[in-house]
There are 2 protein chains.
Amino acid sequence: MANIHEVAKQAGVSSATVSRVLNNTSSVTEKTRQKVEQAIKELNYEPSMLGRNLRNSESRLLLVLIPNFSNPYYTEIINGIEDFSVERGYNILLCETDSNPTRENTFFNMVKNKLADGIISMDPTINMAKLQELAKKHSIVLCSEYDELERIPYVAIDNEAAAYKVMKHLIRLGHENIALINSDEKFLYARQRRKGYERALKEFDLPLRKEYIYNTNNLDFQGGAQAMRKLLQLDEIPTAAFAVSDTLAIGALKELNVKGMDVPDAFALVGFDNISFSNMTNPTLTTVAQPMYQMGIAAANMLIDQLQGKPVDSVMLEHELIIRESTLN
Amino acid sequence: MANIHEVAKQAGVSSATVSRVLNNTSSVTEKTRQKVEQAIKELNYEPSMLGRNLRNSESRLLLVLIPNFSNPYYTEIINGIEDFSVERGYNILLCETDSNPTRENTFFNMVKNKLADGIISMDPTINMAKLQELAKKHSIVLCSEYDELERIPYVAIDNEAAAYKVMKHLIRLGHENIALINSDEKFLYARQRRKGYERALKEFDLPLRKEYIYNTNNLDFQGGAQAMRKLLQLDEIPTAAFAVSDTLAIGALKELNVKGMDVPDAFALVGFDNISFSNMTNPTLTTVAQPMYQMGIAAANMLIDQLQGKPVDSVMLEHELIIRESTLN
DNA sequence: TATTTGTATGAAATCGTTTACAATTAAATG
DNA sequence: CATTTAATTGTAAACGATTTCATACAAATA
């Protein structure tokens, strides 16, 4: 309620001095510092961020764009972003785009409006052209999904290598008919994972069968279940599948359970992301772990560095194949 | 980049007039309006929220407090809050407290600092005393968990009735030895659900057995698995269990699977919350659905009304028992 | 035409900070 | 003691909007 001038009056100093005490930006006598701190306590003063932000023309707010809250894939990344940002005195605003251009525009406007300082986008459906445009004047970092043109710095993993590793694992277990449950290939990661899938087939002299590749635009459980339903209707049913996300894999697993197919004996299954549920299914799910938390840290670090005018470079982090029951023996 | 004065200059009017055009707060000649709009376009002007917020002394930012991002329970509620708030021109800041008092303080300070206008708290571990204190000067709404003293308005469901309904369902299926996997009873909802559990037992003349009540302070899958492990070690193993959250129930289910107990034939299981995963487990999980989205809407509505000086009343919404495979026949 | 009414606009204060610059005081030097 | 130097503090101008109040002008009335 009280403002800086009242505090100054109470302490018998100028508002400039109070400000100096608040930010210890230049030296202040111990005696005056005490007077000021006393006054602050007496008046129960809390500096207004509104005034400060206007003066400094920054909001210390970072936007984190995700397609929707309910996707557990993002949670650990967000934790990383949050921890790092808070550490540096920034807050994050989680923005659900719902892949809706209007929504997206709202968020872009927030940074134009100075309501937010920068953006970390994890939304693969985002309008890259507009984002590039925004990036000319504002700080932006891509996380997980990125732009091949590479004007905007990003943090990601090597999707192709990860997919290749998954396939190699399945092939070594003796599988020759391996399906790919992929998302829409308008997404870069989808194209990259498919590349890894195909490279492995080629290297091990296995045929590439078009009917074993299923692209879904529904990335939730239902999408996975539906994909598996289709695969199980094929003349020659595959003996294994690689789903590009755990949610898809869990949906597929549900369908396999329904159809009475034993996993892993009759059918092996691999997911991607290592969401916490992947260790709770029956059987537990083999999956690829991305260093989520680290990715979050890195993205936040890059964005804040960028805001402070430091040069930043894109980074590629390591992934790990986690073998569980769904691909045992 | 351009500010309101430059626009005014460009249009040959005063900044007051530009502001009037921006907010159409009082009448402006069609001719001047056109001039102004033209200038806005030419200069690519976007009004600064920082200036506006300072002047209006509001941030149009609402804080939503949750214990942690990874709990899927909250997602639908958040969607409701988000949708309603955005509709009314507010943004929401998702705040993960991690049940950490320091974090909590940071968020409280944000509203004292005018960086946020109000709070919707869904964190059962929150410091109620401090929150009450804050509520004297600021707008606050509780969602899902609330305070019996009832100074702060809340939106919730009738937990006791819901628990009672679950128990009645299990008892009708012929179960007599029913365990309760509860969370820590320092939480109001935990006490209320236990009350419902006990009332049902009493009404159906079943004994209340202390060893059938397991309190966990670990609300994730692990907590549920551990609880079930303990229950399966009892001399007289229960034939059914009611877990106060789906995550607990899914952990318990995992443990039952591991031990080779068939669900529902050897053991019936009920959860709470109807998170999306509850329909993907094998078998699918009987659970209690809260009107999550509606709760979010209601909470946001109450908070914004409060901010605008309108009087608000607490509300109690309806729940629903969703019967699935885990309690079939 | 003189007067009243109403509408459209502008000048300037305001919101609460920070900070460049000026001014004061204290300490150090010759 | 006079003078230079350094350390503290104060004054006042930003930051970018909104809004009260006053004023100018047009239209309506007598």
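Below, chain A is the first sequence line, B the second, and so on; all start at residue 1.
- Between B:K9 atom NZ and D:dA17 atom P the separation is 15 Å, expressed in whole Å.
- Using a 4.0 Å cut-off, some side-chain N or O of B:N23 falls inside it from OP1 or OP2 of D:dT18.
- The environment of A:E42 atom CD is dense: over 12 non-hydrogen atoms of other residues, nucleotides or ligands sit within 6.0 angstrom.
- Atom pair A:N24:CG and C:dT18:C1' shows a separation of 14 Å (rounding to whole Å applied).
- At whole-Å resolution of the value, CD in B:Q34 and P in C:dA8 are 15 Å apart.
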Working for salt bridge (charged side-chain N to carboxylate O under 4.0 Å, His left out), residues A:E37 and A:R33: CA-CA 6 Å; A:E37 274 163 358; A:R33 150 163 283 118; 3.8 Å; yes
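- Summarising the local packing, CD of B:Q34 is surrounded by more than 12 heavy atoms from other residues, nucleotides or ligands at distances under 6.0 Å.
- The separation between B:E30 atom CD and C:dT7 atom P is 17 Å, rounded to whole Å.
- With no hydrogens or angles considered, a side-chain donor-acceptor pair links B:S144 and B:Y73 at under 3.5 Å.
- In this model, the phosphate group of C:dG10 is not approached by any side-chain N or O of B:S15 to a distance below 4.0 Å at OP1 or OP2.
- If you take CZ of A:R20 and P of D:dT8, they are 11 Å apart, rounded to a whole angstrom.
- Separating the CG atom of B:L22 from the C1' atom of D:dG16 is a distance of 12 Å, rounded to the nearest angstrom.
- Taking atom CG on B:N113 and atom P on C:dC15, their separation rounds to 18 Å, with Å as the unit.
- Listed in residue order, the members of residues 44-62 of chain A having a heavy atom less than 4.0 Å from DNA chain D are A:L54, A:R55.
- Defined by atom type and a distance below 3.5 Å, a donor-acceptor pair is missing between the side-chain atoms of A:N53 and A:E58.
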Residue pair A:D123, A:R103: steps toward the salt bridge (charged side-chain N to carboxylate O under 4.0 Å, His left out) verdict: CA-CA 12 Å; A:D123 183 4; A:R103 268 282 181 72; over 6 Å; no
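- With rounding to the nearest 0.5 angstrom, the CG atom of B:L62 is 9.5 Å from the CG atom of B:L93.
- No contact: B:V18 has no heavy atom under 4.0 Å from any strand.
- For B:S14, no side-chain nitrogen or oxygen approaches OP1 or OP2 of C:dA11 to under 4.0 Å.
- When the side-chain nitrogen and oxygen atoms of A:T29 are compared with OP1 and OP2 of D:dA7, none of them lie within a distance under 4.0 Å.
- Residue order along DNA chain C, read from the 5' end via each residue's closest nucleotide, puts B:V13 first among A:S19 and B:V13.
- Contact check, B:T17 against C:dG10: a side-chain N or O comes under 4.0 Å of OP1 or OP2.
- At whole-Å resolution of the value, CD1 in A:I4 and C1' in C:dT19 are 12 Å apart.
- Across all strands shown, A:T25 has no heavy atoms under 4.0 Å from either base or sugar-phosphate atoms.
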